[in-house]
Protein chains: 2
Amino acid sequence: MVRLKEELEMRGLKFTRQRKIIAQKIFSMKKHFTADELYNSLKKKYRISRATIYRTLDVLSSLGLVEVHNFGQGKRYYESISGKKSHCHFICTSCMKIIEFPSDEIEKIITNMASQHNFKINRYSINVYGLCEECARKRKK
Amino acid sequence: MVRLKEELEMRGLKFTRQRKIIAQKIFSMKKHFTADELYNSLKKKYRISRATIYRTLDVLSSLGLVEVHNFGQGKRYYESISGKKSHCHFICTSCMKIIEFPSDEIEKIITNMASQHNFKINRYSINVYGLCEECARKRKK
DNA sequence: ATTTGTGCAAAACGTTTGCAAGGCG
DNA sequence: CGCCTTGCAAACGTTTTGCACAAAT
């Protein structure tokens with residue numbers, strides 16, 4: 001939170017009521033969420049528009065405080081990255097549960113491939129789609 | 001093409017003029033393409049609606065003949081998978097050029113992680129975002 | 001003849017934008 | 001005070017849908 005304030009000020013951006021509220025909510029969430037979920041979880045208590053949610057998510061991701069994922073279905077998923085490392089996502093396409101795995105080994109391989117081609121990595125996203133144990137079991141029946 | 005006909009028949013689906021045309025076009029494309037690009041490349045010569053393009057892409061991907069990628073920006077990218085293996089994508093966010101890399105090693109790691117958690121993999125998508133050599137050079141100036 | 005597929009236009013969906021009003025520094 | 005930010009509603013671009021007609025088996 002202090003970090004957010006500093007990062008904003010550093011760029012001549014403002015530490016507004018809305019940004020505070022949104023950031024607080026995001027940092028308290030462990031899971032992946034969509035802009036709409038965030039909006040719905042806030043609108044009861046606060047008067048914040050969808051536009052502000054989207055704009056704030058943009059700011060936070062450009063500050064490196066939030067990660068954006070394209071898990072398909074035309075909808076974006078966000079995730080706060082308070083310190084934790086990048087990881088793989090195993091996405092159950094039946095119940096949309098998302099299981100995370102560390103990706104250190106894979107990251108090494110990717111970094112290697114990138115440097116071979118002078119590709120400057122900004123971020124990466126490893127998404128495995130399929131069925132989680134439960135849903136796979138249900139299907140068999 | 002013969003494969004497509006068989007796969008369709010096997011499922012009681014029809015081998016229509018439109019599906020033929022679309023499949024032919026797709027199999028002749030090497031690169032990733034969007035539904036709209038496909039539509040535009042066909043509409044001059046044939047009378048095929050956008051709806052049919054989308055519906056056919058769904059069919060082809062459920063038959064495993066086409067891979068779908070969510071490279072962000074709210075737009076889907078498709079790729080025909082005539083035999084070739086899955087691979088990583090390095091996506092230049094400046095010029096949208098997509099470089100492909102084999103991912104055998106990574107696939108091994110992923111398969112391993114999946115089996116540890118009884119996750120049944122359907123497909124995976126490894127996307128690295130950043131700047132290609134050219135665009136990175138331009139930025140520096 | 002039956003059933004699946006098509007074209008069209010309208011709707012849906014998530015996201016972005018223009019603008020006037022509001023709030024932070 | 002000046003500039004950044006907000007809320008609203010309208011616009012956007014892509015994808016999906018309902019329906020009547022057409023085509024494949």
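Naming convention: chains lettered A, B, ... in sequence-line order (proteins, then strands); numbering from 1 in each chain.
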List every contact pair, protein side and nucleotides 12-15 of chain D side both N or O, where the distance is under 3.5 Å.
| unit_1 | atom_1 | unit_2 | atom_2 | d |
| --- | --- | --- | --- | --- |
| D:dT14 | OP1 | B:Lys75 | NZ | 3.4 |
| D:dT15 | OP1 | B:Arg76 | N | 2.9 |
| D:dT15 | OP2 | B:Tyr54 | OH | 2.4 |
| D:dT15 | O5' | B:Tyr54 | OH | 3.3 |
| D:dT15 | O3' | B:Arg76 | NH1 | 3.4 |

Let me know the distance between [atom1] of [X] and [atom2] of [N], rounded to the nearest Å.
{"X": "B:Lys20", "N": "C:dT4", "atom1": "NZ", "atom2": "P", "answer": "19 Å"}
{"X": "A:Ile53", "N": "C:dT16", "atom1": "CD1", "atom2": "P", "answer": "13 Å"}
{"X": "A:Glu6", "N": "C:dG25", "atom1": "CD", "atom2": "P", "answer": "14 Å"}
{"X": "A:Leu57", "N": "D:dT6", "atom1": "CG", "atom2": "P", "answer": "12 Å"}
{"X": "A:Arg11", "N": "C:dC24", "atom1": "CZ", "atom2": "C1'", "answer": "18 Å"}
{"X": "B:Tyr46", "N": "C:dG7", "atom1": "OH", "atom2": "C1'", "answer": "18 Å"}
{"X": "A:Arg19", "N": "C:dG25", "atom1": "CZ", "atom2": "P", "answer": "10 Å"}

Under 3.5 Å, is there a donor-acceptor pair between the side chain of [X] and the main chain of [Y]?
{"X": "A:Arg19", "Y": "A:Lys14", "value": "yes"}
{"X": "A:Ser103", "Y": "A:Ile106", "value": "no"}
{"X": "B:Ser61", "Y": "B:Glu67", "value": "no"}

| message | Please enumerate all residues that pass side chain to side chain donor-acceptor pair (under 3.5 Å) together with A:Gln24, with sequence neighbours excluded. | response |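 Side chain to side chain donor-acceptor pair (under 3.5 Å) check on A:Gln24 returns nothing, list empty.
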| field | Sequence-distant partners of A:Glu105, side chain to side chain donor-acceptor pair (under 3.5 Å), two or more places apart | value |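 For A:Glu105 there are no side chain to side chain donor-acceptor pair (under 3.5 Å) partners, ignoring immediate neighbours.
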| message | Both B:Thr52 and B:Gly12 contact DNA chain C. Taking the nearest nucleotide for each, which residue is further toward the 5' end? | response |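 Its nearest nucleotide being more 5', the pick is B:Gly12.
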| A:Tyr77 and A:His89 aromatic centres sub-6.0 Å |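 Aromatic pair excluded; centres sit 6.0 Å or further apart.
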Without placing hydrogens or testing angles, list every side-chain donor-acceptor pair under 3.5 Å for residues 113-121 of chain A, not counting sequence neighbours.
| unit_1 | atom_1 | unit_2 | atom_2 | d |
| --- | --- | --- | --- | --- |
| A:Ser115 | OG | A:Asn112 | O | 3.0 |
| A:Asn118 | ND2 | B:Glu133 | OE2 | 3.2 |

| said: Holding to salt bridge (Lys or Arg N to Asp or Glu O under 4.0 Å), I want the full list of residues that pass it with B:Lys31, two or more places apart in sequence or in another chain. | reply: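 B:Lys31: no salt bridge (Lys or Arg N to Asp or Glu O under 4.0 Å) contacts found.
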| request: Fit a plane to each ring of B:His32 and B:His87, take the angle between them on a 0 to 90° scale, and name the class: parallel (under 30°), tilted (30 to 60°) or perpendicular (over 60°). | output: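 Perpendicular, since the angle between the ring planes exceeds 60°.
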| said: Measuring to OP1 and OP2 of C:dT6, would you say a side-chain N or O of B:Ser49 lies under 4.0 angstrom away? | reply: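 No, because none of the side-chain N or O atoms of B:Ser49 sits under 4.0 Å from OP1 or OP2 of C:dT6.
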| task | List the protein contact pattern of nucleotides 18-25 of chain D with one symbol per nucleotide (5' to 3'): B for base contact, S for sugar-phosphate-only contact, - for none; contact means a heavy-atom distance under 4.0 Å. | result | B-----BS
